[in-house]
Chemist: 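Attaching a single structure in structure tokens format; questions to follow.
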Amino acid sequence: MLHVDLRGCGASWFAYVDGEQVGGPYHGMNTAATAARTLEQKLKVRKERPCLCCGRAIMSEGPHHRLCAACRAKG
């Protein structure tokens, strides 16, 4: 399971996943913690799925994201 790490102090907080910044700056730790819970929920649905057009594996964000960038560009 992916976990969002919070780093910062005082009024500047940032969210990280696997060492990469994914959110922030947030004003205060409570705001950052709320944002981290939201980010964790969004990241849970991401998984590798096949593109519905060409079959290439893509990291899908859910049912709305099922085409790879190349197939989406063909439109």
Chemist: How long is the span from the CG atom in Asp18 to the NE2 atom in His3, to the nearest 0.5 Å?
Modeler: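 One gets 11.0 Å once the value is rounded to the nearest 0.5 Å.
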Chemist: Can you name the nearest heavy-atom pair linking Cys68 to Ile58, along with the distance?
Modeler: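 Nearest heavy atoms, Cys68 then Ile58: CB-CG2, 3.5 Å.
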Chemist: Would you say Arg72 has more than 12 foreign heavy atoms packed within less than 6.0 Å of its CZ?
Modeler: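 Yes, the 6.0 Å shell around CZ holds more than 12 heavy atoms from other groups.
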Chemist: For the residue pair Pro50 and Gly55, what are the closest heavy atoms and their distance?
Modeler: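 So the two residues come closest at CB-O, 3.8 Å.
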Chemist: In Å and rounded to the nearest 0.5 Å, what is the NE2 to CG distance from His65 to Leu52?
Modeler: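 Separation between the atoms: 10.5 Å.
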Chemist: Nearest 0.5 Å please: distance from the CZ atom of Arg49 over to the CG atom of Leu67.
Modeler: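 The CG atom of Leu67 is 13.0 Å from CZ of Arg49, to the nearest 0.5 Å.
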Chemist: Quick one: closest heavy-atom pair of Leu6 and Ala36, and the distance?
Modeler: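 Scanning both residues completely, I find the closest heavy atoms to be CD2-CB, 3.9 Å.
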Chemist: Answer with yes or no whether the hydrophobic clustering places Val22 together with Tyr26; edges join I, L, V, M, F, W, Y residues whose side-chain heavy atoms lie under 4.5 Å apart.
Modeler: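 Same cluster: Val22 reaches Tyr26 through Ile, Leu, Val, Met, Phe, Trp or Tyr contacts under 4.5 Å.
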Chemist: Looking only at atom types and distance, does a side-chain atom of Ser60 sit under 3.5 Å from a main-chain N or O of Lys47, one as donor and one as acceptor?
Modeler: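 Looks like no, no N/O pair under 3.5 Å.
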Chemist: In this structure, are over 12 heavy atoms from other groups packed under 6.0 Å from His27 atom NE2?
Modeler: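 Result for NE2/His27: open.
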Chemist: If every non-hydrogen atom of Gly28 is compared with every non-hydrogen atom of Trp13, which pair is closest and at what distance?
Modeler: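 Looking at all heavy atoms of both residues, the closest pair is C-CD1, 3.5 Å.
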Chemist: Kindly work out whether a path of hydrophobic side-chain contacts (I/L/V/M/F/W/Y, heavy atoms less than 4.5 Å apart) joins Val4 to Tyr16.
Modeler: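 No, Val4 does not connect to Tyr16 through the hydrophobic network.
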